[in-house]
Amino acid sequence: MPADPYAWIEESLATIHRADWYRSVQTIHGLPGATVLLEGREVINFASNDYLGLAGDERLIAAATIAVQEFGASSTGSRLLSGHRELHRELERAIASLKQTEDGLVFSSGYLANVGTITALIGKRDLILSDQYNHSSLKNGAILSGATIIEYAHSNVETLRTQLSQQRQNYRRCLIITDSVFSMDGDLCPLPALLDLAEEFSCMLLVDEAHATGVLGNTGAGCVEHFGCTGRQFIQIGTLSKALSSLGGYVAGSAALIDFLRNRAPSWIYTTALSPADTAAALTAIKIVQQEPQRRAQLWQNVAQLKQVIQQRLPNLILLPSSSPILCFQLPTAADALKAGKQLKAAGIFAPAIRPPTVPTSRIRISLMATHEPAHIHKLVEILAQLFP
Ligand SMILES: *Cc1c(COP(=O)(O)O)cnc(C)c1O
């Protein structure tokens, strides 16, 4: 009897269980918001990317509903074939206007935007320099490109400079890739220094604004605006699925870049266009981001409040450095993080344990929303004080 060629899958699952790395889904009922029904129980939601609380907003729901009625449930084809609608172009213009770039391009997800853009820009004769904490979509895009990949120490401009001075001349093109807000830590990339290095060594720079768009900067344009780098030449990527409360990804940059990607990015060319509902919801969200800065102000007030109360009441809880609504505290092992996550959930707080291989060290990750009320934040602190006295 030949061996079962699929038997390794169950063995591999058993190994994942033994390491406390096993993951499974949890069902949410009803509308998303600052509180949600999680497996039948109301919990305060510190696990959402819906930073401005727009996913359940009636204006987004209405825009999506009208788009479905007017344009149908599916876009029915790729953009270059039969799927292109005026609505897509409107959304791309809105993104370019928010980001103050010449043009924009929407992909079916942020993951696909990263994979498609990196593989279009870079190939076998080229070099990618990648922050060690980058999101999976940047890392996998880099691998798929076939370029030589060098990881640099997290946000470390000095090691990056050394690597560039040693390696840059051996390659044709060079691309530096980085999250702007690091998604599992909450800190920011050193954007101005990265832009200077990219210029000095004639490298392209790609910045993933997934957790920054709608959140950082005066008008919500992201880390780029926060650091006063608007208008400088580089490639911005992002998602429509976090503060913009829809589904999809985007690239913003020069008109030539966007035109090139329409011709060369496989994950844009060979995939179905964004659905009318997602497109219309994202377009409405961008308008709200631009017209209601008070939402962003409320979000940052919540961040400041939680940080302050943690400092006063929970001196033993060490937060990882953060300049975003993502606040993490580290725990010694994956088992400890899992246990804390379960205890929090039992007490009515939804804040996930993040473990390897997603991150090098286990932690509880809290993400704040504009729609959290003072009572929500106080309850979180009360429960943390009980669990980590
Ligand atoms: C969430 C995220 C993505 C993926 O975006 P989706 O639209 O959900 O596919 C890409 N990059 C970073 C940094 C992210 O946090």
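Order of listing sets the numbers, starting from 1, for every ligand and every atom in it. Positions are given from 1 along the sequence.
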| message | Just to confirm my output: which protein heavy-atom neighbour is closest to atom 15 (O) of ligand 1, and how far is it? | response | K242 NZ, 2.6 Å
| remark: Closest to atom 4 (C) of ligand 1 among protein heavy atoms sits Y111 N, 3.7 Å
| query | Is there a side-chain contact between D126 and L175 (heavy atoms, below 4.5 Å)? | reply | no
| Distance from atom 3 (C) of ligand 1 to nearest protein heavy atom, with residue and atom | H135 CE1, 3.4 Å
| query | What part of S241, side chain from CB on, backbone N/CA/C/O, both or neither, has a heavy atom under 4.0 Å from ligand 1? | reply | side chain
| request: May I ask you to say whether K242 pairs ionically with E209, meaning some side-chain N is under 4.0 Å from a carboxylate O? | output: no
| request: Pull out every atom of ligand 1 sitting under 4.0 Å from any heavy atom of A210, numbered as shown with elements. | output: 2 (C), 11 (N), 12 (C), 13 (C), 14 (C), 15 (O)
| query | Does the pair E92/R79 count as a salt bridge with the N-to-O cut at 4.0 Å? | reply | yes
| query | atom 12 (C) of ligand 1: which of L112, L240, T239, D208 has the nearest heavy atom? | reply | D208
| said: Please check this pair: side chain of N263 against backbone of D259, looking for a donor-acceptor N/O pair closer than 3.5 Å. | reply: yes
| said: Here's a test for you: under side chain to side chain contact (heavy atoms under 4.5 Å, CB included), which of T35, I44, I28, L344 qualifies with F350? | reply: I28
| With atoms numbered from 1 as shown, which atoms in ligand 1 lie under 4.0 angstrom from a non-hydrogen atom of S137? | 10 (C), 11 (N)
| Any non-hydrogen atom of G248 lying under 4.0 Å from ligand 1? | yes
| query | Which atoms from ligand 1 have a heavy atom of D179 less than 4.0 Å away? | reply | 13 (C)
| In the protein, what heavy atom is nearest to atom 6 (P) of ligand 1, and what distance, to one decimal place, separates them? | G110 N, 3.4 Å
| said: Under 6.0 Å between ring centres: does that hold for H372 and F46? | reply: yes
| field | Polar side-chain atom of R85 near backbone of S75 as donor-acceptor pair, under 3.5 Å | value | no
